[in-house]
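Below is one structure, written out as structure tokens; comments come after it.
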Amino acid sequence: MIIIKEGIREKIPSKLKWGNKYAIISDSKVAKLYGHAFKRFLKNNKIECELFQFPQGEANKNLKTVEKLASAMIKKGFDRKDCIIALGGGVTGDIAGFLASIYMRGIPHVQVPTTLLAMVDSSVGGKTGVDLKEGKNLLGTFNQPKAIFVDPTHLKTLPQKQIRNGLAEVIKYGVIKDKKLFEYLEKNIKNPDMNKIIAQSVKIKSQIVQKDEKEAGLRMILNYGHTYGHAIERMSKFKLLHGYAISIGMVLANKDAVKMGLLKKEDADRIKKLLTSYGLPIVTLHKPTTKDIQSDKKKSGSQINFVLPTTIGKVIIKKC
């Protein structure tokens, strides 16, 4: 169940039906912005819950954080008949979804994304995971949430850099699957309708995931820009935002596609122009080498899967 509606967070208590009590998981920043108020709101609606938080940032998306959260939940008496609510951005969603899949061999979870990136991408599709020093999301599970409640009003407190962070994934959807979305973004740079682009992005990803939940084939196209992007994130020690790294990764993938004769240079330039129009970076001081991307989980044996555009709205998967 995915509900996208302004104000839906006020309706969440009436829709929760998956646990006797709920563990709200947020990072330290979101806990301060929304977490404590959300906990009070649920309690006022007679829903038993506790708030658990961890330090903000991708650097904390690891097994140590998962272990601390699990231990805190055990101390508060959470068992197999309870449920986790992921309240926050992509890091929170990944950690909470992963924890839900392994806590007492698995309990339900619900996603309440508060960033544009989480709304359009990471909360949808059931991918969970944590990072290792060797690479991003190398430990994880496929674990579909029972529900995703997307309330665009959360975006009002989001800094502009986080809006840009999410827009990188929206542009990705336009390149891989929806030329009309790409053209809409070109025409509405100054004031895109967030409700519209969230709904369309979720629709695209949902359709892809329904056909290929565990990334056996089609779902791989969602990794456009990610093979290079994840390496760039790691090389920056996760100081660079995910969407910013993916933006650079898309440009690098486009260069490869042009060199291979798969993509017209005019289309590559058009994609680059749109990324820069939304304030996203397109260059990196150090392009990831083959060694840098060898730990990418999307490789097959010694071959790495690259998603390369052939035109705006269509991509192919190329093994290199």
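Counting only heavy atoms from C-beta outward, the side chains of Asp82 and Tyr103 never approach each other to under 4.5 Å. In this structure, Val66 and Ile102 have side chains that are in contact, with non-hydrogen atoms separated by less than 4.5 Å. The side-chain heavy atoms of Met1 and Ile148, taken from C-beta on, include no pair separated by under 4.5 Å. Put simply, the side chain of Leu63 reaches to within 4.5 Å of the side chain of Leu139, judged on heavy atoms. With a 4.5 Å cut-off on side-chain heavy atoms, Pro55 and Asp27 do not count as touching. Counting only heavy atoms from C-beta outward, the side chains of Tyr224 and Pro309 approach each other to under 4.5 Å. For the pair Glu58 and Lys136, the minimum side-chain heavy-atom distance is below 4.5 Å. With contacts defined as side-chain heavy-atom distances shorter than 4.5 Å, the pair Leu69/Gln53 does not qualify.
Between Glu213 and Arg219 there is no salt bridge, since no side-chain nitrogen of the basic residue lies less than 4.0 Å from a carboxylate oxygen of the acidic one. Salt-bridge formation is detected for the pair Glu186/Arg270: a Lys NZ or Arg NE/NH1/NH2 atom is positioned less than 4.0 Å from an Asp or Glu carboxylate oxygen.
In the hydrophobic clustering of this structure, Ile221 groups with Leu252; members are Ile, Leu, Val, Met, Phe, Trp, Tyr whose side-chain heavy atoms approach within less than 4.5 Å, directly or through other members. A continuous path of ILVMFWY side-chain contacts below 4.5 Å connects Ile204 to Ile2, so both sit in one hydrophobic cluster. Two different hydrophobic clusters hold Phe142 and Ile208 under the rule that ILVMFWY side chains link at heavy-atom gaps under 4.5 Å. Residues Phe182 and Leu262 share a hydrophobic cluster, clusters being chains of Ile/Leu/Val/Met/Phe/Trp/Tyr side chains in contact below 4.5 Å. There is a path of hydrophobic side-chain contacts, each under 4.5 Å, that joins Met73 to Phe98.
Between the side chain of Asn188 and the main chain of Asn191, no donor-acceptor pair closer than 3.5 Å is present. Between the side chain of Ser206 and the backbone N or O of Val202 there is at least one donor-acceptor pair closer than 3.5 Å. At least one donor-acceptor pair closer than 3.5 Å links the side chain of Asn165 to the backbone N or O of Gly243. Side chain of Tyr244 to main chain of Ile282: no donor-acceptor pair is present (N/O by atom type, distance under 3.5 Å, no hydrogens or angles). A donor-acceptor pair under 3.5 Å links the side-chain atoms of Asn60 to the main chain of Gln56, judged by distance alone. In this structure, Ser71 contributes its side chain and Glu67 its backbone to a donor-acceptor pair below 3.5 Å.
Here the shortest heavy-atom pairing between Pro113 and Ala118 reads CB-CB, 3.5 Å. Ile84 and Ala96 get closest at one heavy-atom pair: CG2-CB, 3.9 Å. Nearest approach of Leu51 to Ser26, heavy atoms of both residues: CD1-OG, 4.2 Å. Among all heavy-atom pairs drawn from Gly125 and Gln144, the shortest one is O-NE2, 2.9 Å. The two atoms that bring Leu155 and Thr115 nearest to each other are CD2-C, 4.1 Å, heavy atoms only. Taking all atoms of both residues into account, the shortest heavy-atom contact from Gly93 to Ala86 is CA-CB, 4.0 Å.
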* Determine, stepwise, if the pair Asp193 / Tyr184 fulfils side chain to side chain contact (heavy atoms under 4.5 Å, CB included). => CA-CA 10 Å; Asp193 183 334; Tyr184 174 83; 3.2 Å; yes
* Verdict with supporting geometry, Tyr278 and Ser247, side-chain hydrogen bond (donor to acceptor under 3.5 Å, both in side chains) -> CA-CA 11 Å; Tyr278 281 100; Ser247 175; over 6 Å; no
* To do: Report the C-alpha distance between Ile25 and Ile85 in whole Å, list the side-chain angles of each, state the deciding distance to 0.1 Å, and finish with yes or no for side chain to side chain contact (heavy atoms under 4.5 Å, CB included).
  => CA-CA 6 Å; Ile25 294 180; Ile85 298 176; over 6 Å; no
* To do: Could you please spell out the steps behind the side-chain hydrogen bond (donor to acceptor under 3.5 Å, both in side chains) verdict for Thr153 and Asp151?
  => CA-CA 5 Å; Thr153 58; Asp151 190 339; 2.5 Å; yes
* Chi angles and distances behind the side chain to side chain contact (heavy atoms under 4.5 Å, CB included) call for Glu10, Phe41 -> CA-CA 9 Å; Glu10 303 298 323; Phe41 177 57; 3.7 Å; yes
* Does the pair Lys273 and Asp269 meet the rule for a salt bridge (Lys or Arg N to Asp or Glu O under 4.0 Å), with working shown? -> CA-CA 6 Å; Lys273 182 180 178 182; Asp269 290 342; over 6 Å; no
* Take Ile271 and Leu275 through the test side chain to side chain contact (heavy atoms under 4.5 Å, CB included) and record every step on the way to the result. => CA-CA 6 Å; Ile271 295 168; Leu275 291 167; 4.2 Å; yes
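Asp267 CG to Lys272 NZ: the interatomic distance, rounded to the nearest 0.5 Å, is 13.0 Å. With rounding to the nearest 0.5 angstrom, the CE atom of Met250 is 12.5 Å from the OG1 atom of Thr227. A distance of 5.5 Å separates CD1 of Ile163 from CG of Leu116, quoted to the nearest 0.5 Å. The line from CG of Asp212 to CD of Gln207 is 14.0 Å long, rounded to the nearest 0.5 Å. Between the CG atom of Leu87 and the OH atom of Tyr34 there is a distance of 9.0 Å, given to the nearest 0.5 Å. Rounding to the nearest 0.5 Å places CG of Asn254 at 11.5 Å from NZ of Lys265.
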Donor-acceptor pairs under 3.5 angstrom involving side-chain atoms of residues 11-24: please list them, not counting sequence neighbours.
unit_1 : atom_1 : unit_2 : atom_2 : d
Ser14  : OG     : Lys11  : O      : 2.8
Lys21  : NZ     : Lys76  : O      : 3.1
Lys21  : NZ     : Gly77  : O      : 3.3
Tyr22  : OH     : Lys17  : N      : 3.3
Tyr22  : OH     : Trp18  : N      : 2.9
Tyr22  : OH     : Gly19  : N      : 3.0

Donor-acceptor contacts under 3.5 Å from residues 168-180 side chains, at least two apart:
unit_1 : atom_1 : unit_2 : atom_2 : d
Glu169 : OE1    : Lys172 : NZ     : 2.8
Glu169 : OE2    : His226 : NE2    : 3.1
Glu169 : OE2    : His242 : NE2    : 3.0
Lys172 : NZ     : Leu222 : O      : 2.9
Tyr173 : OH     : Val120 : O      : 2.8
Tyr173 : OH     : Asp121 : OD1    : 2.9
Asp178 : OD1    : Lys180 : N      : 3.1
Asp178 : OD1    : Leu181 : N      : 3.0
Asp178 : OD2    : Gln200 : NE2    : 2.6

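Under a cut-off of 6.0 angstrom, the local environment of NZ in Lys43 is crowded, with over 12 non-hydrogen atoms contributed by other residues, nucleotides or ligands.
Its side chain outside the 4.5 Å cluster rule for every partner, Met235 clusters with none of the Ile, Leu, Val, Met, Phe, Trp and Tyr residues.
A ring-centre distance under 6.0 Å is found for Phe78 and Phe52.
Below 30°, between 30° and 60°, or above 60°: for Phe306 and Tyr228 the angle between ring planes is between 30° and 60°, a tilted geometry.
Using a 3.5 Å distance cut-off with no hydrogens or angles, the side chains of Lys127 and Asn137 do not pair a donor with an acceptor. Residues Thr141 and Thr128 have side chains that bring a donor and an acceptor to within less than 3.5 angstrom of each other.
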